[in-house]
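Inspection log for the structure reproduced underneath, given as structure tokens.
As the structure lists them, so they are numbered: ligands from 1, and atoms in each ligand from 1.
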Amino acid sequence: MGQHFDTKSVHLSTKDTKSIDSKVTPIYQTSAFKFTDLEDLENFYQGKKDYLYTRVGNPNTDELGSAIAQLEGAPKGIATSSGLSAILVGILAIAKSGDHVLASTDIYGGTYQLLANELIDFGIEVSFVNFEHSSEIENNIRSNTRLIYSESITNPLLRVENIIEVVELARKYDLYTMIDNTFATPYLCQPYTDGVDLVVHSATKYLGGHSDLTAGVLVGKEELIEKAKSKVVNIGTNLSPFDAWLACRGIKTLSVRMERHSKNAQALADALRQNKDVDKVYYPTSVSSKGNGAIVSIDITGFCNIEKFFQSLSWVKIVPTLAGVETSVSYPLATSHRALPKEAQVELGITEGLVRISVGIENTEDIIDAFEQAIKLSKF
Ligand SMILES: *Cc1c(COP(=O)(O)O)cnc(C)c1O
């Protein structure tokens with residue numbers, strides 16, 4: 001080290017961390033990794049050393065990708081900067097200019113925008129069809145179709161995808177499949193084990209679990225994940241080490257959160273089905289023997305003033321996202337599904353009185369009371 005103050009102050013952080021065994025993985029908050037000599041540097045390119053530059057790879061982001069791959073029963077996974085960037089690099093690993101993607105109409109609003117408005121600029125055509133009838137999927141397959149894209153539980157009306165049927169159809173026509181498993185999480189559903197090629201997550205939701213990060217994860221076959229990884233590196237949609245670390249911390253409590261979320265959601269759906277001032281309750285029945293997830297949507301168009309309802313929710317907050325430990329509500333018509341064409345909104349059932357409830361982990365009775373009360377106060 002140089003002897004002068006201004007040199008020393010730059011170089012003093014020289015703690016050797018090799019022999020420190022911290023209980024949890026430290027945050028490798030670094031943009032690059034150092035090398036002792038040129039041979040050491042060459043080791044990276046020979047595959048004998050893991051890390052060079054954080055956009056190319058980082059221990060925290062690798063830990064997240066690998067953790068979700070293992071929970072999904074897939075050989076490999078990568079973490080990305082957001083759920084949407086994971087979807088983008090997954091699609092780009094499969095489809096190129098001139099190819100066609102067949103996607104379900106009832107997908108997350110942000111995904112719809114990516115598929116409908118951005119992929120076309122990459123030369124990739126997308127058509128949206130109703131996945132409730134596999135004949136409709138089959139009738140829309142073209143000679144240049146490469147990929148079938150859908151979600152395991154859809155948003156906001158909670159349709160449960162028949163994954164086995166989609167996989168069988170894809171195999172018949174030699175197509176790839178990709179499923180967004182954000183709402184179900186690997187706790188309830190593992191599409192890779194049903195034969196899906198790529199499974200994608202917005203880790204922003206249940207994997208992180210505490211509404212304090214934005215991240216995405218993509219898992220699947222080694223060869224596809226390698227391709228997607230080179231897209232991440234070259235486009236620059238890598239995840240920050242700190243957000244990866246937070247997501248890994250969240251995953252440790254995924255089981256206990258999902259168990260409680262599902263139990264509370266089931267109880268709320270049961271209670272609201274008994275309430276004669278609710279037109280419709282959307283909550284699935286066949287996701288898993290462990291539960292059916294944490295999202296309940298209700299339609300109160302016929303009985304309540306929707307503005308009054310949102311004003312009457314006491315401690316339940318209005319938030320345009322989902323999956324936090326706190327119960328929250330969102331209004332699909334004005335947020336997630338705002339960009340959808342009117343006909344698609346009508347076809348999907350995104351009405352003026354549709355409320356999406358992200359059920360938290362609080363006391364079950366308190367949650368039910370909050371909604372019963374808001375319905376009572378907002379009745380016409
Ligand atoms: C939130 C969400 C996304 C997008 O994820 P971001 O992390 O916001 O980019 C994609 N799919 C589903 C089902 C989601 O809920």
Is it the case that ligand 1 has an N or O less than 3.5 angstrom from some N or O of [X]?
{"X": "I87", "answer": "no"}
{"X": "E151", "answer": "no"}
{"X": "F183", "answer": "no"}

For [atom], what is the nearest protein heavy atom, given as residue, atom name and distance?
{"atom": "atom 2 (C) of ligand 1", "value": "K205 NZ, 2.5 Å"}
{"atom": "atom 6 (P) of ligand 1", "value": "G83 N, 3.4 Å"}
{"atom": "atom 5 (O) of ligand 1", "value": "S202 OG, 3.0 Å"}
{"atom": "atom 7 (O) of ligand 1", "value": "T204 OG1, 2.6 Å"}
{"atom": "atom 12 (C) of ligand 1", "value": "D180 OD2, 3.4 Å"}
{"atom": "atom 4 (C) of ligand 1", "value": "Y108 CE2, 3.5 Å"}

- Enclosure of L38 CG (heavy-atom neighbours >12, cutoff 6.0 Å): no
- Query: Got L198 and I179 here, is their nearest side-chain heavy-atom distance under 4.5 Å?
  - Reply: no
- Message: Measuring only between side-chain heavy atoms, which start at C-beta, is M178 closer than 4.5 Å to D197?
- Response: no
- Out of curiosity, is A215 lining ligand 1, as in a heavy atom under 4.0 Å away? yes
- Inter-residue atom distance L268.CG - I357.CD1, 0.5 Å rounding: 5.0 Å
- Does the ring of Y192 carry K76 above it, NZ/CZ under 6.0 angstrom from centre and within 45° of its axis? no
- Message: Over 60° means perpendicular and under 30° means parallel, so tell me whether F44 and F35 are parallel, tilted or perpendicular.
- Response: perpendicular
- Message: Check for me whether the distance between the ring centres of F303 and F380 falls short of 6.0 Å.
- Response: no
- Assess the pair Y206 and Y187: is the distance between their ring centroids shorter than 6.0 Å? no
- Message: Residue-level breakdown please: for L84 versus ligand 1, do any non-hydrogen atoms fall below 4.0 Å on the side chain, on the backbone, on both, or on neither?
- Response: both
